[in-house]
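Before any comments, here is the structure.
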Amino acid sequence: MILPGTPETLIEKCVARSSLSDAEATFLFSPAFDTHRTDLYAAADRVRSEMVGDDVYLRGLIEYSNYCTCRCAYCGISAFNADIERYRMSPDEILSTLSAGYDMGFRSFVLQSGEDPIWREQDIVALVKTIKSRFDVAIALSVGEWPRSSLEAFRAAGTDRYLLRIETSDPELFAKLHPDSNWEARHRCLMDLKELGFQVGSGVLVGLPGQNGASLGRDLRYLIGIQPEMVGIGPFIPHPLTPLGNATGGTLDACLTFLALLRLYLPDAFLPATSAMGSIHPDGRRQALKAGANVLMPNISPIENRARYQLYPGKICLNDDALKCRTCVEGWVTAMGRKCNPGHGHIIRRSRPTNTAFNGA
Ligand code: 5AD
Ligand code: FES
């Protein structure tokens, strides 16, 4: 591989947010970069501290339905999977789960579900309105693709944020993985969300079959281009009951590398240390927090539902209740010398000069 420069100058280039060539991206994700990977993580950690501080923002995650009409090739709750027990929480169950999370101090929540047709636009609107009238909290929805008119109604109801991963920036790979959608529709949905004034979270899966360093570089470029307020990424973890059950999954190093690059190129973004990273390595989320991440999304779903919401196998915290996860996270984050911030966690846009070399001080 011919690289115009050294690994050190390449890291400096990333810190200065110069655009990466396919060859450079390939190098960053190759074993040849392994000896320099921790330097990249350390650079991202410094930019994280400088730009968004040391707080780790908490979002309480409620997975309220595992019904899904989509057949995404990687996903354990896809409609392909006839072998899981389906569940759907009622609005009252969601409200009491959220209320218990509120009592634990959470002021920011993510409501996530499969694309469940029983939950109609007006039901989600009513739920968000009720929550917003009873609790002073920030609400993110993570409920898949909807027409612009529905997104507009969710926003008008008071939804603050919306999480929708693009999953891959490659329309052909997207089509192979998502028989029920297409890349242009997903991208359009993200643009709608931005135009409607949501704080937008997007992201990709790392280690999908067909991806390589150069395509991950293109994923990074796509995400930089749409300037989301949040980016959640994680390893693809093959689920045995899906068409990709025998594929090879993504690695923690590839995820940490992608995360570190996200921090360098999107310095003020909210970047979660995702559960999927914690599921492929016991120290995954902690390592992510040291490579640029500043958000954790502890699962506060009722324990009886957790095993049924396994998008991937080996998911952490299946038998831990909300208080256990809250306490656990608080413990290890504090031990890192960081502080959990359970507040609303709204984005504060900050700019970082592009033309100064980062001095690492
Ligand atoms: N491995 C890792 N992440 C997955 N997701 C879905 N299935 C898997 C899997 N097998 C992720 C997708 C989705 C998010 C909610 O979960 O990226 O956007
Ligand atoms: Fe759930 Fe540690 S975060 S037990």
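Computed over heavy atoms, backbone and side chain alike; hydrogens, waters and symmetry mates excluded. Remember, it's a predicted structure, so these values are computed and weren't measured experimentally.
Cluster annotation: Val110 is not connected to Leu311 through the hydrophobic network of ILVMFWY side chains, with a link wherever side-chain heavy atoms come within less than 4.5 Å. In this structure, Val200 is not a member of the same hydrophobic cluster as Tyr57, with clusters built from ILVMFWY side-chain heavy atoms closer than 4.5 Å.
Looking only at atom types and distance, the side chain of Asp170 has no donor-acceptor partner in the side chain of Tyr222 under 3.5 Å away. Ser181 and Glu145 share a side-chain donor-acceptor pair at under 3.5 Å. With no hydrogens or angles considered, a side-chain donor-acceptor pair links His344 and Asp136 at under 3.5 Å. With no hydrogens or angles considered, a side-chain donor-acceptor pair links Thr6 and Thr9 at under 3.5 Å. Using a 3.5 Å distance cut-off with no hydrogens or angles, the side chains of Asp92 and Ser90 do not pair a donor with an acceptor. With hydrogens and angles left out, the side-chain atoms of Arg88 and Ser113 include no donor and acceptor closer than 3.5 Å.
No donor-acceptor pair under 3.5 Å is formed between the side chain of Asn66 and the backbone N or O of Tyr309. Checked by atom type and distance alone, the side chain of Thr69 pairs as donor or acceptor with a backbone atom of Glu115 at under 3.5 Å.
When ring centroids are compared, Trp119 and Tyr64 come within the 6.0 Å threshold. When ring centroids are compared, Tyr74 and Phe236 stay outside the 6.0 Å threshold.
We find that Arg48 and Asp55 are not joined by a salt bridge, their nearest charged nitrogen and carboxylate oxygen being 4.0 Å or further apart. Salt-bridge annotation for Lys315 and Glu63: present, with a side-chain N of the basic residue lying under 4.0 Å from a carboxylate O of the acidic one. Ion pairing between a basic and an acidic side chain is recognised when a charged N comes within 4.0 Å of a carboxylate O; Arg148 and Asp192 show such pairing. The residues Lys290 and Asp45 are annotated as not salt-bridged, no charged nitrogen and carboxylate oxygen being separated by less than 4.0 angstrom. Salt bridge annotation for Asp123-Arg120: present, with a cationic side-chain nitrogen under 4.0 angstrom from a carboxylate oxygen. In this structure, Asp22 pairs ionically with Arg221, as a charged nitrogen and a carboxylate oxygen lie closer than 4.0 Å. With salt bridges taken as basic N to acidic carboxylate O contacts below 4.0 Å, none links Arg338 and Glu330. The pair Arg306-Asp320 fails the salt-bridge criterion, with no side-chain N (NZ, NE, NH1 or NH2) lying under 4.0 Å from an Asp/Glu carboxylate O.
Residue Pro272 comes nearest to Val231 through the heavy atom pair CD-O, 3.0 Å, listed as atom of the first residue, atom of the second, then distance. The two residues His346 and Ala138 make their nearest non-hydrogen contact at CE1-CB, 3.7 Å.
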Could you give me the CA-CA distance, side-chain angles and deciding distance for Val15 and Glu12, then say whether side chain to side chain contact (heavy atoms under 4.5 Å, CB included) is met? CA-CA 5 Å; Val15 171; Glu12 272 171 35; 5.5 Å; no
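Atom SG of Cys325 is separated from atom CG of Asp321 by 7.5 Å, given to the nearest 0.5 angstrom. Interatomic distance, Arg263 CZ to Leu271 CG, rounded to the nearest 0.5 Å: 4.0 Å. To the nearest 0.5 angstrom, Thr168 atom OG1 is 4.5 Å from Asp219 atom CG. Ile233 CD1 to Arg165 CZ: the interatomic distance, rounded to the nearest 0.5 Å, is 8.0 Å.
Cation-pi geometry between Arg155 and Phe198 is met: under 6.0 angstrom from the ring centre, within 45 degrees of the axis. At least one test fails for Arg186 against the ring of Phe174: distance under 6.0 Å to the centre or angle within 45° of the axis. Phe270 carries Arg59 over the face of its six-membered ring, with the cationic atom under 6.0 Å from the centre and within 45° of the normal. Geometrically, Arg17 does not engage Tyr265 in a cation-pi contact, judged by NZ or CZ lying under 6.0 Å from the ring centre and within 45° of the ring axis.
Evaluated for a side chain to side chain donor-acceptor pair (under 3.5 Å) with Arg37, the options Asp34, Thr35, Asp39 yield exactly one hit, Asp34.
Ring geometry, Trp183 versus His187: the interplanar angle falls under 30°, so the pair is classed parallel (tilted spans 30 to 60°).
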